[in-house]
Amino acid sequence: MRARLRTEVLIVLGLSLGQSATYAVVNIIARLTAGTPLGQQTAALNVSRSARPYLDLTYQLLGIGFALVPVALALFLLAEPGRRATARIGLDLHRPWRNLAAGVGLAALIGIPGLAVYLLGRTLGLTVEVQASALNAHWWTVPVLILAALQNALLEEVIVAGYLIERLEQLGWRHGAVVAASALMRGAYHLYQGFGPFVGNAVMGVVFAEYYRRRRRTMPLVVAHTLIDLVAFVGYALLPAGVLAALGLA
């Protein structure tokens, strides 16, 4: 049974964030060995995939939808007889106001220091310039960015917080090792942005993993993560270039 669980974890991660982490490691090596200093490089998120607006919209929606397939797989594997996986990891709408309050609190706890870590990394030349939204301006740009923020939150919190912690505990890992593994995985798939985001997301991973370990609820984590990404994605898309430059984000 333990060997089967280990194989299952490797498959789920290989289809999702473990794959992203591997590519991120290769990417940071490529960046460090390029002729351009790391601080002068850029990483664009939420990029347009076609100059034709409705074809671009189709690509965006397909990308968001297929990115959630590993979430469905993880929930399917976590389900037990007589108990839904969403109830097991607290991914439900019970106590909505408490979930919202906890999510807002976690977003403030992580988001503000996270921005400071990003700016410090930019100052030290350890972080690339992250363009949080490179979508062309259309009527659907903001709705798609909202969906992208929700997709990121569901993917990361279900896989790295809920699924991974549940399975590592079943494998007999100690609490410290479980939290460290979850946090390092979260940091690793952000390495393509540089070392500042790696550190910032690893710290976020410690906080979120410990919260999940104590509360067994991913919904507040999804709320917090969605809010953080919403501010980054939509703010980057809507704020004037001069404001972004004044904030050190462009």
Side-chain angles (χ1 to χ4, degrees), residues 12 16-17 45-46 60-61 63-115 132-133 140-170 175 178-179 182-183 185-186 189-190 200-201 203-238:
V12 171
S16 58
L17 296 171
L45 311 180
N46 302 302
Q60 299 299 329
L61 295 178
I64 290 169
F66 280 114
L68 292 175
V69 172
V71 174
L73 174 62
L75 293 174
F76 176 80
L77 294 170
L78 286 175
E80 298 174 331
R83 189 184 186 193
R84 293 177 290 111
T86 50
R88 178 176 178 177
I89 65 171
L91 186 69
D92 52 47
L93 298 178
H94 296 163
R95 298 173 291 180
W97 295 112
R98 185 177 299 181
N99 289 333
L100 179 61
V104 170
L106 286 168
L109 177 66
I110 296 298
I112 297 173
L115 178 59
S133 174
W140 48 260
T141 298
V142 171
V144 163
L145 290 174
I146 293 172
L147 289 176
L150 180 59
Q151 173 249 298
N152 284 348
L154 284 169
L155 178 63
E156 295 187 36
E157 304 316 325
V158 170
I159 300 293
V160 177
Y163 172 81
L164 186 59
I165 291 176
E166 291 288 331
R167 285 301 191 236
L168 293 182
E169 288 180 345
Q170 284 183 272
H175 294 323
V178 170
V179 171
S182 178
M185 175 61 70
R186 191 185 295 266
Y189 56 76
H190 288 94
N201 280 279
V203 172
M204 174 180 174
V206 171
V207 175
F208 278 26
E210 190 61 27
Y211 182 93
Y212 178 79
R213 194 181 69 80
R214 293 173 181 270
R215 304 293 180 87
R216 298 292 154 175
R217 292 196 58 77
T218 54
M219 185 55 77
L221 305 181
V222 170
V223 171
H225 197 140
T226 301
L227 290 173
I228 292 170
D229 280 4
L230 270 178
V231 171
F233 296 171
V234 177
Y236 195 95
L238 297 182

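Residues: numbered from 1 along the sequence shown.
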Let me confirm one number: the [atom1]-[atom2] distance from [X] to [Y], rounded to the nearest 0.5 Å.
| X | Y | atom1 | atom2 | value |
| --- | --- | --- | --- | --- |
| R217 | R98 | CZ | CZ | 9.0 Å |
| R84 | D92 | CZ | CG | 7.0 Å |
| T218 | E166 | OG1 | CD | 9.5 Å |
| L61 | F66 | CG | CZ | 11.5 Å |
| Q60 | N46 | CD | CG | 7.0 Å |
| L68 | N152 | CG | CG | 9.5 Å |

So, [X] side chain and [Y] main chain: donor-acceptor pair closer than 3.5 Å or not?
| X | Y | result |
| --- | --- | --- |
| T226 | A153 | no |
| N99 | L93 | no |
| R213 | H175 | no |

**OP:** Please test L78 against R167 for side chain to side chain contact (heavy atoms under 4.5 Å, CB included), starting from the C-alpha separation and ending with a verdict.
**Re:** CA-CA 9 Å; L78 286 175; R167 285 301 191 236; 3.7 Å; yes

Original post:
Should the pair E157-R186 be classified as a salt bridge under the 4.0 Å nitrogen-to-oxygen rule?
Top reply: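 Result for this pair is yes, salt bridge flagged.
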
Subject >> Within 6.0 angstrom of R216 CZ, more than 12 heavy atoms from elsewhere >> reply: yes

**OP:** Compare all side-chain heavy atoms of L150 with those of V222 and state whether any distance is below 4.5 angstrom.
**Re:**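 Result yes, sub-4.5 Å side-chain heavy-atom pair found.
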
**OP:** Go through the steps for Y163 and V71 under the test side chain to side chain contact (heavy atoms under 4.5 Å, CB included), then give the verdict.
**Re:** CA-CA 9 Å; Y163 172 81; V71 174; over 6 Å; no

Original post:
Could you go step by step and tell me if F208 and V160 meet the side chain to side chain contact (heavy atoms under 4.5 Å, CB included) rule?
Top reply: CA-CA 9 Å; F208 278 26; V160 177; over 6 Å; no

**OP:** Report the C-alpha separation of L164 and I159 in whole Å, then their side-chain angles, then the decisive distance to 0.1 Å, and conclude whether the side chain to side chain contact (heavy atoms under 4.5 Å, CB included) test is met.
**Re:** CA-CA 6 Å; L164 186 59; I159 300 293; 5.7 Å; no

